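Model, not experiment: these values are computed from the prediction. Throughout, protein chains are lettered first and strands after them, A, B, ... in sequence-line order, and every chain is numbered starting at 1.
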Amino acid sequence: MGITQVLFWFLSILALLSAILVVISKNPVHSVLWLIMVFVAISGHYILLDAQFLAIVNLIVYAGAIMVLFLFVFMLMNLNAETEPQKNRWLKIAGVVAGGALLLVLVAALKKADLKLQVAEMNRGDIGLIHTLGVTLFKDYVVPFEISSVLFLSAMVGVVVIGKKE
Amino acid sequence: MIPVLLIVIPLVTGLVGFLIKNEGNARGWSLLSSIVTLIVALWGLSLAKTSPLLAANVEWLPDLGSRFAVGLDGLSKILVLLTAVCFPLIFIATWRDQYKKAWNFYALMLLSQAGLIGVFVATDALLFYFFWELALIPVYFLCSQWGGERRIQATFKFFIYTFVGSLLMLVGIIWLYWQTADHSFSMESFYALRTKLSGADQTWVFWLLFVAFAIKMPIWPLHTWQPETYEQSPTATTMVLSAIMVKMGLFGVIRWLVPVVPVGSWAWGDTVSGACIIGMVYASLVAIKQDDLKRLIAYSSIAHVGLMCLAIFATTESGLQGVMIQLFNHGINILGMWIVVDLIERQFGTRKISELGGLAQKAPALAILLVVVALANVALPLTNAFVGEFLLFSGVFTSTATQYSVVFTVVAALTIILGAVYTLNMIQRVFYGNTNSLTEKGVDIKMNEKLVLGAIVVLIIVIGVYPKPVLAMTKETTDFLLSKMNYKL
Amino acid sequence: MSIQSIWLVPALPLIGFLINGLFRNSLSKSLTGIIGSGTILLSFVVSLLIFGQVRQPGFQGEVVTLFDFITVGKLSIPFAFQVDQLSTLFLLIITGVGFLIHLYSTSYMHEEAAPHFARYFAYLNLFVFSMLLLVLGANFIILFIGWEGVGLCSYLLIGYWFKNLDYGNAAKKAFIMNRIGDLGFLIAIFLMIRQFGSVEFGEVFAHASSAKVGVLTAITMLLFVGATGKSAQIPLYTWLPDAMAGPTPVSALIHAATMVTAGIYMIARSHVLYDLTPVTQSVVAVIGLLTALLAATIALKQNDIKKVLAYSTVSQLGYMFLGLGVGAYTGAVFHVMTHAFFKALLFLGAGSVIHAMGGEQDMRRMGGLRKWMPVTNLTFLVGCVAIAGIPPFSGFFSKDEILAAAYAKNPVYYGVGLFTALLTAFYMFRLYATTFSGGFRGTQDQEHHLHESPSAITIPLIVLAILATVAGFLGIPEAIAPDAHVLGKYLAPVIGGEAHGGVEVSKGTELGLMALAAVLALVVSVWAWVRFKSRPDLAEPTGFGKVLANKWYVDELYNAVIVKPLDLLAQLLVFIEKNIIDGIVNGVGRLVQYGSRQLRLLQSGQVGGYVLLMVVGILVLFLVELFVKK
Amino acid sequence: MNSILLSAIWGIVMMFSGVFTQNKTIIRYTAIVGLVALLAGNCADMIGYHVAIDVHKMLNYDEFGMLGNAIAFVSTLLLVLVSGRDMERVGHNLAEYFALIFFVLCGVAIVTSFNTLLMLFLGIEIISIPLYILTGSDKRNLKSNEAALKYFLMGSFSTGLMLLGIALLYGASQNGTFFIDDLWTGGPAVATRPMFMAGLLLLLVSMGFKVSAAPFHFWTPDVYDGAPTVFTSFMATIVKVSIFIGFVRLFEDGFGESRDRWQIFVAIITAATLFIGNITAVFQQSVKRMLAYSSIAQAGFMLLALLALNAVSRQGMLLYAAVYGVATIGIFAVLIRMKDYTFEGFNGLAKKQPVLAATLTIFLLSLAGIPLTGGFFAKYYMLAAVVESGHFMWLVIFAVLCAAVSVYYYFRVIQAMYFKDGEGSTETEPGVGFKGMLVVLAAVVVVLGVWPQVLLGLLAKFPYTW
Amino acid sequence: MPINYYIFLAVALFCIGVAGVLTRRNAIIIFMCIELMLNAVNLLLVAFSKMHYHALSATAPHAGIDGQLFVFFIMVVAAAEVSVGLAVIVMMYRNTHSIDVNFLNRLKH
């Protein structure tokens with residue numbers, strides 16, 4: 001087992017454990033922190049997969065900006081402590097069961113795919129580099145890129161509409 | 001040209017009618033309109049069958065393979081005649097009925113007339129379906145707006161019931177459409193299907209169409225909407241419903257079902273006939289127990305229509321001719337019955353047989369006219385219905401379409417007796433005996449009512465004695481349809 | 001007069017009907033009477049003229065076609081009249097007796113208000129019209145039209161006094177029982193259409209021999225079912241006694257002289273078919289005989305004067321069917337004719353009595369009426385003698401002809417027939433003695449009113465009495481005087497030679513039988529007269545007599561076996577209709593509503609629940625993908 | 001491309017219009033002008049005048065999408081014309097509402113013409129995000145808040161599903177592409193087929209969510225009920241049918257060749273949608289909520305087009321979009337003006353407001369699919385499309401039975417208006433303009449019902465390819 | 001690494017997110033779980049991108065790049081969504097002082 005594999009397994013387990021902790025943490029702030037942990041682990045995977053640009057963006061945008069936003073909101077609402085009264089246990093159990101079942105059927109469905117020979121190649125290729133991505137983004141993907149600005153505009157307008165005091 | 005006129009006149013006058021916000025004027029206007037329609041219809045009937053005026057065929061929906069194709073053949077003629085004759089009679093007979101916002105009432109009546117005529121003259125399946133529904137909508141509003149106490153539920157049930165059938169029919173029509181060689185809804189293309197479709201296909205598609213027709217007619221056990229609706233509708237609408245609308249179902253079977261999927265019809269003929277016969281006997285027996293005049297007549301109508309349907313599936317010439325003439329006769333006769341009911345209800349405010357009695361003393365003219373109509377209802381010879389029922393029964397009896405023709409005839413013929421039972425019961429309990437506190441103030445009918453009933457009686461007798469012109473009118477169509485119906489794989 | 005003008009015969013009464021019916025409110029009673037009777041008289045005159053032609057030797061039946069009635073495919077039914085010896089004879093009887101009864105009615109019904117009076121005459125005219133159509137029809141359909149028409153008129157006339165619901169019920173019963181028979185007739189017609197492709201007498205009879213016996217038997221049996229309805233035979237006879245609810249002239253006209261003989265006419269008319277089907281013939285004979293016997297026994301214990309006559313009618317009709325069944329068609333027709341005379345006479349006489357008694361019909365309250373009503377008494381006596389079969393009155397000859405033929409076929413028939421004849425003599429003279437002899441048993445008031453009827457009533461009585469006396473000489477049997485059977489010779493072209501079912505009895509036997517019948521009838525008559533003259537039968541009957549008085553409880557039986565179950569069935573169906581058939585329809589609606597109420601609970605308002613259900617949906621889709629073969 | 005550009009630009013214009021003027025009428029007219037311009041731009045596009053931008057095949061402008069756009073724009077225009085005033089009453093941010101609407105239309109224009117899953121994703125998001133806002137725009141109304149949050153959470157969830165689906169499809173595609181017509185080129189290797197199917201199913205689910213197909217419809221009643229009615233109208237009509245057009249495009253262009261594998265799922269979903277939508281609508285007491293369920297039911301009918309996937313279904317989809325849109329806009333326009341949203345609130349409306357009642361009746365008849373209204377031909381096409389394919393006759397019959405059920409709840413409104421006595425009335429006396437607009441809408445419905453050729457003929461007239 | 005590993009990892013993360021959405025009632029945490037789902041997809045896309053690169057780079061040097069760009073767009077969208085979502089949640093909180101989704105049941109049936 002090379003270093004890559006070791007890292008893969010480490011990151012995978014880290015991601016999964018953190019993810020589970022996101023879900024089960026009682027304190028919302030802990031959830032946020034564990035989620036950041038998941039993002040870090042995923043960024044590690046990106047690096048393993050030679051997607052350096054995405055790894056950086058993920059850390060900056062997600063773990064940095066977005067999660068901070070979440071934290072801000074928690075702070076704003078002063079909800080850092082446990083606030084969920086434990087009612088409706090059945091719905092919870094049903095939720096876990098349903099999630100598990102979904103995992104099962106997805107795995108079952110995808111296991112049938114004969115992908116043994118397919119590999120996600122590591123340590124090779126430059127498609128994850130900012131240069132390559134940038135060129136493609138502004139050549140082939142310029143239209144969606146521009147269009148996503150509409151998305152931001154609308155989000156902006158929306159937040160203004162919602163947030164403005166009347 | 002003429003069929004178009006026949007649709008357009010009531011349609012336009014109906015739409016205009018909404019704007020006449022005066023009861024008297026609206027009434028006169030609708031009568032005028034219906035008389036004009038009648039004149040046009042008679043004009044159409046007088047033309048030779050080759051006359052180009054009798055058909056119209058214009059582009060409508062080229063992408064769908066549907067054309068605005070209408071025409072008058074023998075079958076259409078007789079039903080158009082029925083519609084055209086009934087409406088003026090209805091308007092005159094109900095002249096004294098009072099309605100809130102009468103102009104809307106009359107306008108809707110005219111619209112329903114347009115729809116009905118449309119059904120009868122359409123020679124394009126989609127157009128047929130179109131009018132089929134159109135005829136229903138005004139009637140729905142008429143019944144719900146001006147009907148009896150439980151009108152809303154009753155007519156709603158009626159509407160949904162028939163709508164279910166219609167939609168199934170629509171599916172059937174669409175399916176047939178895709179099977180046509182030229183993807184067309186025209187009658188010719190549909191008739192050409194009978195040789196193209198496999199027996200299995202015909203057998204199942206038969207039901208899609210038949211259910212719609214069976215509900216409309218109605219055939220047992222799909223009939224339960226009918227007595228309730230008749231009971232709850234304003235009588236003028238009941239007249240339209242029972243005199244004309246139920247004919248839509250029979251018409252549908254003759255024109256759009258049996259000749260299109262003859263093999264399916266053969267396969268299910270016995271089943272359908274069985275239902276018809278059960279329905280006839282059943283309805284007759286139930287009719288005996290009815291206390292409401294409208295319900296009684298409704299059940300009697302179920303029995304009569306069952307016989308007609310039975311005869312269609314016998315696919316014999318005399319049976320089919322009988323159906324053709326009976327389509328008209330039954331309409332006229334039942335119209336007469338309804339008029340009498342309307343007169344009674346207007347005068348005494350009840351239709352309960354048990355609350356009436358001794359009317360013959362107070363209204364002898366009404367009694368006599370009713371008796372004639374009632375006798376026609378039980379198909380006494382020299383009334384029009386005898387000619388019809390005789391042909392129907394003899395058609396069923398001589399049928400080779402089923403091996404049970406004798407059984408069918410005999411059981412069905414029981415209704416001849418049962419029909420006499422409930423009809424005479426009704427006459428006796430309403431008209432004979434002594435008057436009671438309610439009926440002793442009764443007065444005889446007025447001139448306009450006498451006129452209408454008289455006209456009906458004259459029609460009953462004339463057709464009963466000399467049915468030849470009517471039979472001649474439908475003969476060619478009968479032969480044509482029979483040639484399609486008798487196709488076997 | 002040309003045969004072609006035969007249409008006048010039914011047309012005249014029709015015109016009378018129309019005038020009286022349409023203008024009943026404006027016509028005076030006398031005018032109504034004149035129109036009503038006059039049209040029948042004219043019709044009778046025309047019939048006589050036609051008869052003049054028909055009786056020419058060598059006259060073959062003619063078919064007069066008026067117009068096409070129904071033509072469908074190969075089946076063509078013209079509106080055509082058959083003019084031949086048989087129909088002409090009936091024309092004469094119908095219009096002749098009919099006229100007398102009309103005349104009688106002008107007086108009898110005089111107390112009615114003018115519109116009702118006119119209505120009465122309109123119905124009567126319509127009846128004559130229908131009956132004429134019946135006998136004139138050149139095919140079974142026209143016959144059937146008249147057939148149902150007389151049923152209708154019977155209904156209208158029985159229920160003439162519509163205020164009385166019992167009368168209405170009787171009318172209804174008559175119509176419905178007739179309809180049951182008509183149904184058989186109708187199906188017979190359909191069978192003929194299927195077998196022969198035609199309903200015309202000529203066609204059907206010509207091809208009859210080529211048809212299978214089974215089919216023919218079915219046709220004839222069904223026709224006979226029709227006849228049992230119209231002619232009041234077992235099992236459809238019960239309407240006739242009830243029909244006495246109508247005005248008495250109606251009973252005379254319809255329920256004695258004409259309508260009920262339609263069945264005889266029809267079978268005589270289609271004798272070709274019956275000759276080919278011995279089974280049916282036997283059935284006809286047996287049913288006729290049984291009816292004759294049954295009705296006669298019932299008549300023994302009736303106290304209503306009209307009821308006795310009614311059962312006697314049923315009984316006599318049974319005789320006629322016996323005649324038909326044994327092949328004595330001429331005899332049957334002969335009996336129809338004589339019966340028309342004496343039964344009309346008896347009914348009209350009874351009417352005269354009732355009229356005088358102020359509406360009283362119970363014989364037990366009568367008695368000794370001959371003192372007040374000599375003409376009625378005498379004519380009634382003639383009627384009684386005639387029906388009792390005492391020579392040389394008409395009943396003797398016609399009855400004897402039937403009995404002779406019955407003997408030839410089967411002596412048992414003869415025995416029962418003779419016994420019935422004796423019963424007839426017995427109850428008729430019981431009737432006569434109770435009514436006209438002895439002392440008056442009614443109230444003072446009634447006694448005060450007793451009077452002989454006016455001439456409009458007595459003249460028909462006298463005429464009929466004469467006819468009842470002499471009509472028998474039209475059919476003097478071979479045994480007495482060869483070749484003297486005028487009627488037989490006259491009818492021969494239609495009915496064929498006198499066919500005694502193939503077996504001829506010897507002249508001697510026939511004479512012996514005749515004498516036996518005559519003597520016994522005379523003895524029984526006298527005995528009955530003497531017995532009831534002094535000791536009228538006033539007590540409530542007991543034992544077997546009660547059974548007879550209650551008509552063997554047949555009405556009750558029918559009620560229990562047919563009417564009640566049918567009623568229950570109808571009630572059951574109403575229940576099924578409401579709860580099952582409509583219940584299912586409404587149930588679907590309710591199910592939708594119920595489903596709606598339940599389904600909307602899924603919409604819990606909770607996001608968690610929604611997402612959960614979404615996930616479940618996804619799971620289902622994936623499971624289908626994984627496990628369901630496509 | 002014209003419509004995407006114009007709608008985005010006009011969205012910005014609207015955004016700033018609020019800065020320059022507080023006059024709501026001006027803002028409204030600006031929006032109307034924008035919509036007309038948008039429509040004109042789209043028409044220009046249809047006859048070949050378009051801004052030449054290389055989209056690298058990511059958008060595919062064909063007549064189907066164009067006509068879909070046109071229908072969406074016309075519907076929006078009608079909505080603004082008939083209910084524009086009612087938007088003013090939602091809140092103070094009229095200009096922003098219009099801006100958001102234009103952004104939604106931008107998303108619509110993308111969704112009707114996407115050629116890659118990326119564009120589909122972006123388009124859907126551009127539609128969704130403004131809608132979350134519009135749903136919650138009645139800020140002080142807790143129902144509105146609740147609806148917005150529910151919509152947002154569930155919408156995001158479905159986005160997650162969609163993305164997983166897209167990812168799996170990407171993985172399954174042979175040469176790593178998002179172009180929908182390449183997803184199944186030559187058929188993916190047997191090896192990746194399960195992945196393809198899993199992705200497809202997830203896309204089906206998420207698109208089903210957007211068009212409120214059962215069992216992914218649960219947001220619909222709550223959101224439609226909670227959102228300001230005028231925006232409910234917008235969502236239930238323009239947005240829904242546009243996404244449907246995208247839905248059809250995706251499954252026809254992307255998965256058309258593999259339809260044998262997934263039709264059964266569409267059939268299941270269709271049946272469930274028809275069933276739940278129609279049945280649940282029966283018991284509703286609020287007309288608004290009933291309309292939400294009815295929109296689910298109508299979606300069930302539109303799903304038939306997805307099942308059939310042939311020329312008939314394409315035409316039918318457009319006709320359905322137009323007819324359903326117009327009729328629903330009309331109904332909501334009247335509903336907005338009502339005092340009481342329950343069925344009882346409509347009792348006796350016909351006496352007080354005959355025009356409203358009559359037009360409303362026509363709209364309802366159209367939704368029920370009664371002839372003489374466009375709704376009939378819309379339903380006709382859907383049925384005809386499936387029947388032509390020859391399979392799934394049971395579903396067709398089930399669909400018509402459900403259509404019969406739909407009559408029940410649509411007619412309840414008609415019954416209330418005409419046959420029941422009551423105090424049903426509008427909040428304010430509707431003006432002549434409003435009534436006039438309703439009559440125009442009704443006329444459109446009727447014209448499409450008598451002579452749908454006017455619309456169907458267009459398809460043949462613009463044989464336009466990119 | 002074999003692609004299967006990535007697939008199962010991503011699916012597992014995704015399902016954990018789903019389970020979170022189902023079990024938690026704090027609106028923000030639900031939202032975070034949704035973000036977790038998105039990230040799982042991102043990971044999967046990148047893995048597929050490298051898979052395609054591995055398979056096709058011989059003929060197309062930039063094979064698989066689409067996947068990574070798609071991830072980029074997902075992040076863009078997610079960011080926008082987060083802003084809107086948080087705004088909605090805050091609005092809700094302002095009105096009800098709760099972000100418990102179970103309290104959201106004014107709209108039902």
**OP:** Walk me through it: do E:Val18 and D:Phe157 pass the test side-chain contact (heavy atoms from CB on, under 4.5 Å)?
**Re:** CA-CA 8 Å; E:Val18 170; D:Phe157 182 76; 4.0 Å; yes
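Interface residue E:Ser49: backbone and side-chain heavy atoms are both found under 4.5 Å from chain D. When heavy atoms are compared at a cutoff of 4.5 Å, D:Phe283 does not approach chain E at all. Proximity to chain E is limited to the side chain of D:Phe178, based on heavy atoms less than 4.5 angstrom apart. Looking at D:Gln284, only its side chain comes within 4.5 Å of chain E, counting heavy atoms on both sides. For E:Val101, the part lying under 4.5 angstrom from a heavy atom of chain D is the side chain only.
Here the CG-OH distance, from D:Asn145 to E:Tyr93, works out to 14.5 Å after rounding to the nearest 0.5 Å. Separation of atoms CZ (D:Phe121) and CZ (E:Phe70) is listed at 6.0 Å; rounding is to 0.5 Å. D:Lys150 contributes atom NZ, which lies 5.0 Å from atom CG of E:Leu107 (distance to the nearest 0.5 angstrom).
Minimum interatomic distance between E:Met91 and D:Lys139 (heavy atoms only, all atoms of both residues): SD-CG, 3.7 Å. The heavy-atom pair separating E:Ala27 from D:Leu153 by the smallest distance is O-CD2, 4.0 Å. Across E:Met92 and D:Glu146, no two heavy atoms sit closer than the pair SD-N, 4.0 Å. When all heavy atoms are compared, the tightest approach of D:Asn175 to E:Leu56 is CA-CD1, 3.3 Å. Nearest heavy-atom pair, E:Ile7 versus D:Met195, reported as atom, atom and distance to 0.1 Å: CD1-SD, 3.8 Å.
Scanning residues 77-85 of chain E against chain D with a 4.5 Å non-hydrogen threshold yields E:Val77, E:Ala80, E:Glu81, E:Val84, E:Gly85, sorted by number. Taking non-hydrogen atoms and a 4.5 Å limit, the residue list of residues 215-230 of chain D in contact with chain E, ordered by number, reads D:Asp222, D:Asp225, D:Gly226.
The backbone N or O of E:Lys108 sits less than 3.5 Å from a side-chain atom of D:Arg289, completing a donor-acceptor pair.
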N/O donor-acceptor pairs under 3.5 Å from side chains in residues 159-170 of chain D, not counting sequence neighbours:
{"residue": "D:Thr159", "atom": "OG1", "partner": "D:Glu125", "partner atom": "OE2", "Å": "2.8"}
{"residue": "D:Thr159", "atom": "OG1", "partner": "D:Gly155", "partner atom": "O", "Å": "2.9"}
{"residue": "D:Tyr170", "atom": "OH", "partner": "E:Gly64", "partner atom": "O", "Å": "3.1"}
{"residue": "D:Tyr170", "atom": "OH", "partner": "E:Gly67", "partner atom": "N", "Å": "3.2"}

For a quick test of your reading: what N or O donor-acceptor pairs under 3.5 Å do the side chains of residues 34-44 of chain E make, sequence neighbours left out?
{"residue": "E:Glu35", "atom": "OE1", "partner": "A:Tyr62", "partner atom": "OH", "Å": "3.0"}
{"residue": "E:Asn39", "atom": "ND2", "partner": "E:Glu35", "partner atom": "O", "Å": "3.1"}

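By number of non-hydrogen pairs under 4.5 angstrom with chain E, the leading residue of D:Gly176, D:Ser144, D:Ala147 is D:Gly176.
Within a 6.0 Å sphere centred on OH of E:Tyr5, heavy atoms belonging to other residues, nucleotides or ligands number 12 at most.
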